[in-house]
Structures are given as C-alpha cells and as structure tokens.
Number of protein chains: 2
Amino acid sequence: MSSCDTCVVRNRAICAGLEDREIATLSAMGRRRTVAAGEPLIWEDDDSLLVANVIDGVLKLTTSTEDGREQIVGVAYPSDFIGRPFGQTSKASVVALTDAKVCVFSRSDFDRYAREHPELEHKLLERTLAELDRTRSWMMLLGRKTAPEKIASFLIEMSERLTETGCAPTLGPARRFSLPFSRQQVADVLGLTIETVSRQFTKLKNDGIVELPSRREVEIINRGALVSLAG
Amino acid sequence: MSSCDTCVVRNRAICAGLEDREIATLSAMGRRRTVAAGEPLIWEDDDSLLVANVIDGVLKLTTSTEDGREQIVGVAYPSDFIGRPFGQTSKASVVALTDAKVCVFSRSDFDRYAREHPELEHKLLERTLAELDRTRSWMMLLGRKTAPEKIASFLIEMSERLTETGCAPTLGPARRFSLPFSRQQVADVLGLTIETVSRQFTKLKNDGIVELPSRREVEIINRGALVSLAG
DNA sequence: GCATGGCCTTGACCAAAGTCAAAACACCAT
DNA sequence: ATGGTGTTTTGACTTTGGTCAAGGCCATGC
C-alpha cells in the first residue's frame, strides 16, 4: 500500500484519475517531505531538479532582482503542482510560507513518466493554462491598479482561496481567515512597500470595511464595499 | 495537398513533428484567416470558441478594467499559439497589432483532436510552461521596476524577439528594428502612461543610448548601457 | 516582571510618475 | 505642395506612493 492511498489531495492533485497500477509506479518515484515555514524548496535560476505536489500548507513563488527587490509571482496551495517540468532551469524560487508537506519527484523521473502518461500530461496542461490565466489577471493588478484597489483585490482573492477545500460542497468565500503572509509579503505580492500596505489596512479598518483582530487575522465586515473598491 | 505543406511556421508551431496523415486531419479542421491591424480576433470574457496558430504578424493579448484601463498581458508572434483550449471563456482579448495571418480552429474541434494526440498536447504544454515563465518575469517588471528600467527591459526584449526567425542559424539580438507598438501600446505593456514612455524614449536618445529614426524605428547604439539600465 | 528583538504602524517629507494642456510632428489624401 | 487628422512630445503642476526615522506592540526568554 502506497502513501497515496491516504493522501488528502489524492482526488484534486494531478494524480487524480490515474489507475491503481499507475499510482503505484508514481508513488515509488516520489517521496514525502516537510518544509518548515521560511525554508526554501527550489532556488531561482538553479537547475530544475525537483517538481512536487503540495499536500498541505502554502508556498510562495518569487523572482528577485540583483539589488534585492522581490516580487511574489505565484502562491501554491494544497493540490497545486510546483516546479518546472521539461525545462533546464527554474525561473522562480519556491519558499514555504507556512509549515508545509509536499510530495517531491526528481524532475527527470517525472518528465519521463509524464511523457508516457498522456492523461497526466493533460491534467498538467489544464492546470498550467489555469495558472497562466490567473497570472495574467495579476498583471492587470500590478500594472494598472492603485494601492487601495490592489489591497481590496488581494483580500477578495484571499477570502476565495483560503476557504477550506475539503470534500464538502463548495462553501462561499471566507468571511474571516488567517493570512499566510506577513505585511512585507503582502507588499511583495502587490508591488507595494510595507508602509503603504500598512496604511491601506489601517484605512480599511477605520472605514469599517474590515476588522483586524490580530496581525494575521482578517474579518471582512462589508464585502460589497471591498468588491467595489477592487475595481 | 494541404496548405500546411507550404506553411512558413510548419516546423516551429505546435504542428511540428506531426505525421503527414495527422497534419491532413488537422488541416481539414482549420482554416487560414487574415486579421487587419487593429482588428480583434478574440474578446475578453467571451465564450472561448476559437484557438489559432499565428502564421505571420504580431498580436496583443489584453485585459481591461471596466473604466477602460488596459494592460497588455502577452504578445503573440509567428508560430505562437493563441486562445484558451479546455476552458469555457477566454480571459484576455486578442487584437492584431500588425496585419496578421492566423490558422484558426474551432476550440471544441481542437480540444477533441488534442486529447487524441498526446504529442500535440505535449507541445502545447511545453509552450504554455514557457509562456508562464515569461509572464512571471514580466510580473517582476510590472511590480518592482522603475520607469527607466521598464523601458530598457522592454527594448532589450523587443530586440531579442523581433530578430527574423527564419531557417537561418540564430542571429543575435537585432540592433535595429521596427516596433509593432504605438507609444500608447508600449505604455499598456509596461504599466505606464504614454507621456512617461515618451519622456523615457527621449532621454535614452539624448543620452546617446538609442537612435529613433522614426516613430516606430529603434536603433540600439549602446546595448551595454541599455542592459545595465534594465537592472 | 522586564528586557529583547522582530514586526508593524505612524508621521513628516520627498520623488517618481501621473494629469492636464498645448504645441510639434508625421502621415495621409487631395 | 497643402491641409487635416491623429499621434507624439514637451512643459507646468499635482498626486500617489516611496523613503526615512521614530515609536508601539507583542511574543519570547530570562
């Protein structure tokens, strides 16, 4: 019996729908790993040696300039696929934001396996296309939205992405949630400075649109106002 | 004999490497179309009815806010694939920047065909992964670079992408080229205003880093300086 | 309880880029 | 050549968000 049998993302990750025999082969290739919050899994511009499925936790994908400016270019949640298959180098670093569990594969093993299993490649393609759509709408935010619009869009997206995605029928967006990001990381997602993020959070609180019970907790009081601020 | 036999992107587009019989089927499904400069091919948020290969010309992918702000989220050159397979709606508009020739397919026909031809899906996956990498490095530019850095990065990328990609062994980046963008469109790529773009172009000219023989022509005089400005 | 260190918030000031308006230029058709 | 149109450039001014610096908050360890 492979660990896949008890995997919580078994029905949502790209392995979903594979036959038992295929799962067994894949399972033999991969291994589980934990990544502590703050710990890196993949380095920007390094050889692409690993790919992985996220089982639990949240990780950030980042690119940096030489002088240390950082931009978060993606966020990976449970069941998401990370790493760069079919490519020599990884163009983004992957670092855990919370303690995380992942199922890692050697990239070359995975590439070989994927090429022999069109169904798996198809799932990966669907996921990659969806991620590209999401990334492009993030470009709109970075290039054309103001700081208040960025913060409002961010909180709306967080409330949608952080709802527990168990087996239960889809719940609506979360009214209250705990951000997996520090203020600096929110700034790195939105292309702002930490001070601007802080001021905008304070403004939303003073306007009665959100409550901020603690540094990481957010409660949305007036979702309509937030949506209309998001533009 | 199908029109694919004489297609100039036959060896570079996703159709490359298909067998003659497969090409014949694909050819029967698709048809050539010309798109005049400025004319749209796909609308944002519309049902995704078409996908296409670019044969000749340059097209922009854009997203817009309700109040009319526009962000160019991608640019498609000959041999690139456009449209959103395996999805209900297209999240970006596609508009020709120059007169263009494309080879269009009904999305549902294409989806069906692709699912039966893993080699084609694999090519599409490789392309989508590469596009995602490019898009993410564009996010870095939008979120964290200054106007001078954006303009310099843009000109470097243009000089690399606009080299004639015929059958000849890869030439280096173009020293002189004709932009397929108006000033406003450059602004829409970089998340700037037209005035800022214009001022930065003028500054590069005054500093002797580029020549601007006409509105669309650019000649890079001091590539080293441009690269270091790009950061 | 109190000191320590890491975040986060706030305030005063500044600079980069945006806005508005006018002039210059290029391109086109006549 | 000439006039008309739309694009680009330039200038003056404003605004947004960044920078720098100080202070507050909270968790942790002594």
Engineer: Using a 4.0 Å heavy-atom cut-off across all strands, classify Ser182(A) as base, sugar-phosphate, or nothing.
Structural biologist: sugar-phosphate

Engineer: Does anything in residues 185-195 of chain A come within less than 4.0 Å of DNA chain C? Heavy atoms only, and list the residues if so.
Structural biologist: Glu195(A)

Engineer: What is the separation between atom NZ on Lys150(A) and atom P on dT16(D), rounded to the nearest whole Å?
Structural biologist: 14 Å

Engineer: Counting the benzene-type ring for Trp, do Phe110(A) and Phe86(A) have ring centres under 6.0 Å apart?
Structural biologist: no

Engineer: Has the side chain of Arg216(B) got a donor or acceptor atom that lies under 3.5 Å from a matching backbone atom of Ser178(B)?
Structural biologist: no

Engineer: So that I can tick it off, tell me whether Glu70(A) and Arg144(B) are bridged by a salt bridge, with the cut-off set at under 4.0 angstrom between side-chain N and carboxylate O.
Structural biologist: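 No.
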
Engineer: Check the distance between dT16(D)'s P and Lys145(A)'s NZ and give it to me in whole angstrom.
Structural biologist: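 In whole Å, dT16(D) P and Lys145(A) NZ are 18 Å from each other.
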
Engineer: To the nearest angstrom, how far is Gln184(B) atom CD from dT9(D) atom C1'?
Structural biologist: 14 Å

Engineer: Without decimals, in angstroms, what is the distance between Phe201(A) CZ and dC8(C) C1'?
Structural biologist: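 In whole Å, dC8(C) C1' and Phe201(A) CZ are 11 Å from each other.
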
Engineer: Would you confirm whether the ring centroid of Phe201(A) sits within less than 6.0 angstrom of the ring centroid of Phe154(A)?
Structural biologist: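 No - the distance between ring centres of Phe154(A) and Phe201(A) does not fall below the 6.0 Å cut-off.
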
Engineer: Separation of Leu212(B) atom CG from dT8(D) atom P, in whole Å?
Structural biologist: 12 Å

Engineer: Any donor-acceptor pair under 3.5 Å linking the side-chain atoms of Ser159(A) with those of Arg223(A)?
Structural biologist: yes

Engineer: If only side-chain N and O atoms count, and only distance matters, is there a donor-acceptor pair under 3.5 Å linking Glu131(B) with Thr128(B)?
Structural biologist: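 No, no side-chain donor-acceptor pair sits under 3.5 Å.
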
Engineer: Pairs of donor and acceptor atoms involving the side chains of residues 89-98 of chain A, under 3.5 Å and at least two apart or interchain, shall be tabulated with distances.
Structural biologist:
| residue | atom | partner | partner atom | Å |
| --- | --- | --- | --- | --- |
| Ser90(A) | OG | Ala92(A) | O | 2.9 |
| Ser93(A) | OG | Glu44(A) | N | 2.9 |
| Thr98(A) | OG1 | Val58(A) | N | 3.0 |

Engineer: When the C1' atoms of the five terminal pairs at each end define the local axes, what inter-axis angle does the helix from dG1(C)-dC30(D) to dT30(C)-dA1(D) show, to 10 degrees?
Structural biologist: 40°

Engineer: Rounded to whole Å, please give me the gap between CZ in Arg144(A) and P in dT19(C).
Structural biologist: 9 Å

Engineer: To the nearest angstrom, how far is Arg183(B) atom CZ from dG6(D) atom C1'?
Structural biologist: 14 Å

Engineer: Counting distance only, does the side-chain N/O of Asp80(B) pair as donor-acceptor with the main-chain N or O of Tyr77(B) below 3.5 Å?
Structural biologist: yes

Engineer: If you check every side-chain atom of Thr146(B), which of dA17(C), dG17(D), dT10(C) has the closest atom?
Structural biologist: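 Nearest to the side chain of Thr146(B) among the choices is dA17(C).
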
Engineer: Using a cut-off of 4.0 Å on non-hydrogen atoms, how would the nucleic acid contact of Thr202(A) be classed: base, sugar-phosphate, or nothing?
Structural biologist: sugar-phosphate

Engineer: Measure the distance from CG on Leu204(B) to C1' on dT9(D) and round it to the nearest whole Å.
Structural biologist: 15 Å

Engineer: Ignoring hydrogens and angles, are the base of dC26(D) and the side chain of Arg215(A) linked by a donor-acceptor pair under 3.5 Å?
Structural biologist: no

Engineer: Taking N and O atoms by type only, does the side chain of Arg199(A) place a donor or acceptor under 3.5 Å from a partner on the base of dT19(D)?
Structural biologist: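 Present.
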
Engineer: For the pair Asp67(A) and Arg69(A), find out whether any cationic side-chain nitrogen is under 4.0 Å from an anionic carboxylate oxygen.
Structural biologist: yes

